[in-house]
Number of protein chains: 2
Amino acid sequence: AIAVEGLTKIYGTGESRVAALAGVSFAIDAGEWVAIVGPSGSGKSTLLNLLGLLDRPTAGRYALAGRDVAGLRGAELARTRGELIGFVFQSFNLLPRETARTNVELPLVYAGVPGAERRRRALEALDRVGLADRAGHRPPQLSGGQQQRVAIARALVGRPTMLLADEPTGNLDSATGADILDLFAELNAGGVTLVVVTHDSTVAARAGRVIEIRDGRSYERDTVRAT
Amino acid sequence: AIAVEGLTKIYGTGESRVAALAGVSFAIDAGEWVAIVGPSGSGKSTLLNLLGLLDRPTAGRYALAGRDVAGLRGAELARTRGELIGFVFQSFNLLPRETARTNVELPLVYAGVPGAERRRRALEALDRVGLADRAGHRPPQLSGGQQQRVAIARALVGRPTMLLADEPTGNLDSATGADILDLFAELNAGGVTLVVVTHDSTVAARAGRVIEIRDGRSYERDTVRAT
Ligand SMILES: Nc1ncnc2c1ncn2[C@@H]1O[C@H](COP(=O)(O)OP(=O)(O)OP(=O)(O)O)[C@@H](O)[C@H]1O
Ligand SMILES: Nc1ncnc2c1ncn2[C@@H]1O[C@H](COP(=O)(O)OP(=O)(O)OP(=O)(O)O)[C@@H](O)[C@H]1O
Ligand SMILES: [Mg+2]
Ligand SMILES: [Mg+2]
């Protein structure tokens with residue numbers, strides 16, 4: 001599903017130059033569940049944004065579903081992103097003046113899904129994350145963990161083949177976080193590829209594989225799995 | 001330091017009525033370290049906002065440093081808040097067009113501290129949270145955990161007598177989170193009262209006492225402390 005080679009992202013120039021990613025290479029097969037871990041500031045969100053086609057690398061290659069993304073432009077880039085990828089942002093990126101339901105409907109609007117079906121699927125997604133009774137609230141009327149779950153619902157309402165989640169349980173208590181992990185396991189069992197950036201070892205432990213990012217470089221972590 | 005009685009916060013009316021806090025009562029002595037835990041949506045941020053004088057209760061009483069806060073208005077309210085309380089927001093609330101350093105200087109601007117000393121203390125606070133080399137970056141140029149640490153630095157630069165922190169380690173890896181906990185322990189050893197909302201059991205374990213919030217009500221949790 002994913003193949004990156006020498007992926008590099010550099011911000012700024014001269015004194016303010018920051019190599020957020022300094023040549024990252026790995027492959028992820030369709031249907032895998034990979035956790036990405038590493039210290040604060042190490043480059044995880046930068047990497048996930050590149051994988052999610054939200055940003056372009058300074059150097060290096062990224063092939064998604066066998067196709068080099070460098071060739072994707074404009075409408076085709078947007079369509080590829082919309083059809084294949086569900087993205088959960090570290091800071092949620094919800095529209096503050098839209099309700100939880102209309103926020104979750106947004107990917108379906110882009111996909112041209114009719115209104116009644118959009119509404120039904122959005123309410124179903126909110127129910128999956130335990131927020132059926134908050135569908136009419138706007139983000140400022142939601143707790144931090146509720147906003148995070150709306151962002152998760154929005155990421156999966158379009159039935160993407162790949163879910164990229166940037167610290168999806170950071171604002172959740174362990175019980176609510178466990179519900180989200182069970183949801184992820186269900187998606188993965190149904191064939192969805194999962195790439196989850198996390199600081200939570202419980203979340204990393206559920207993945208089949210752990211990639212560690214340190215100072216903009218990637219390392220495969222040997223996981224000794226308890227049986 | 002803190003005494004609350006029957007603290008209540010109700011949002012909305014009729015069908016959209018939400019009792020975020022339904023009568024919370026407890027006391028916290030000066031110099032205590034209290035963790036506030038509970039499920040997502042249970043009322044923790046609502047409670048912390050009331051304690052931080054960022055909002056007014058619908059009903060109930062709140063005495064801060066022996067004085068009923070209901071009587072505080074306008075400039076006196078702002079001054080009390082500025083002098084006594086450092087607040088770390090769950091969503092950081094940084095100014096996106098200001099640098100990390102000028103964001104951290106803000107409480108000192110309100111306190112009338114001269115420019116050179118403001119700068120020195122802001123850089124010192126950023127160094128304490130491991131961000132000396134990010135002082136000139138603006139929030140969009142910082143990682144999630146870096147933004148969270150800038151919010152922490154801003155909360156303690158004014159040397160408050162009480163630090164209220166809403167999930168201060170949610171975006172931090174365990175090593176960086178441990179550094180922040182050591183910093184909190186240092187502040188507490190120096191007499192600062194700490195009230196920390198957290199979903200992280202490691203963070204809760206460092207506190208001397210745990211208050212649990214569930215459905216807008218508070219419960220004292222009996223902690224069996226390992227010796
Ligand atoms: N302005 C508002 N209008 C309506 N309901 C609100 C408003 N603000 C908060 N709420 C509701 O009040 C409840 C408590 O919210 P609060 O932010 O205190 O929860 P929390 O315990 O901090 O949750 P989390 O752990 O997810 O951050 C939530 O169910 C939320 O939906
Ligand atoms: N626009 C930018 N300009 C300059 N530097 C940037 C910019 N965006 C990010 N950085 C820097 O790049 C590095 C990597 O950032 P990134 O957000 O990928 O980290 P992260 O691993 O997700 O961290 P966290 O765990 O704290 O979320 C950080 O040191 C950050 O300061
Ligand atoms: Mg990040
Ligand atoms: Mg909260």
Side-chain angles (χ1 to χ4, degrees), chain A residues 11-12 15-16 18 20 37-49 89-92 94 96 99 129-131 133-149 166-167 169-180 197-202 204 212-214, chain B residues 11-12 15-16 18 20 37-49 89-92 94 96 99 129-131 133-149 166-167 169-180 197-202 204 212-214:
Chain A
Y11 294 111
E15 247 194 52
S16 68
V18 174
V37 304
S40 172
S42 57
K44 306 178 298 297
S45 294
T46 301
L47 173 60
L48 214 67
N49 286 344
F89 293 87
Q90 187 169 5
S91 55
F92 320 152
L94 300 179
T99 64
V129 297
L131 292 178
D133 62 351
R134 287 287 182 276
H137 283 229
R138 290 172 174 72
Q141 301 170 321
L142 295 172
S143 78
Q146 290 169 344
Q147 292 176 29
Q148 187 159 42
R149 284 181 277 159
D166 202 342
E167 308 200 30
T169 63
N171 284 280
L172 302 178
D173 55 285
S174 49
T176 311
D179 293 340
I180 293 304
V197 170
T198 185
H199 285 309
D200 189 333
S201 53
T202 323
E212 192 170 334
I213 307 295
R214 255 180 286 135
Chain B
Y11 294 110
E15 248 194 51
S16 67
V18 175
V37 303
S40 171
S42 57
K44 307 177 299 296
S45 295
T46 301
L47 173 60
L48 214 68
N49 287 342
F89 292 87
Q90 187 167 5
S91 54
F92 320 151
L94 301 178
T99 64
V129 298
L131 291 176
D133 62 350
R134 287 287 182 276
H137 282 227
R138 291 175 172 72
Q141 301 170 322
L142 295 172
S143 78
Q146 290 169 343
Q147 292 176 28
Q148 187 158 42
R149 284 180 278 158
D166 201 342
E167 306 199 31
T169 63
N171 285 279
L172 303 177
D173 55 285
S174 48
T176 310
D179 292 340
I180 294 303
V197 170
T198 185
H199 284 311
D200 190 333
S201 52
T202 324
E212 193 170 333
I213 307 295
R214 254 180 286 134

Checklist entry - What heavy-atom pair brings Val18(A) and His137(B) nearest, and what distance separates the two atoms? => result CG2-CE1, 3.8 Å

Next on the checklist: At a 4.5 Å cut-off on heavy atoms, which part of Thr176(A) comes close to chain B: side chain, backbone, both, or neither?
Outcome noted: side chain

Checklist entry - Which atoms of Ser143(B) come close to chain A, meaning under 4.5 Å heavy atom to heavy atom: side chain ones, backbone ones, both, or neither? => result side chain

Checklist outcome for this item: To the nearest 0.5 Å, atom NE2 of His199(B) lies from atom CG of Asp200(A) at 11.5 Å

Item to check | side-chain contact (heavy atoms from CB on, under 4.5 Å) between Ser40(A) and Gln146(B), intermediate numbers included | outcome: CA-CA 7 Å; Ser40(A) 172; Gln146(B) 290 169 343; 4.1 Å; yes

Checklist entry - Roughly how far, to the nearest 0.5 Å, is OG of Ser91(A) from CD of Gln148(B)? => result 12.0 Å

Item to check | Distance in Å, Glu167(B) CD paired with Asp173(A) CG, rounded so as to fall on 0.5 Å steps | outcome: 9.0 Å

Checklist entry - Looking at Val37(A), Asn171(A), Asp133(A), Asp166(A), which one has more heavy-atom pairs under 4.5 Å with chain B than the rest? => result Asn171(A)

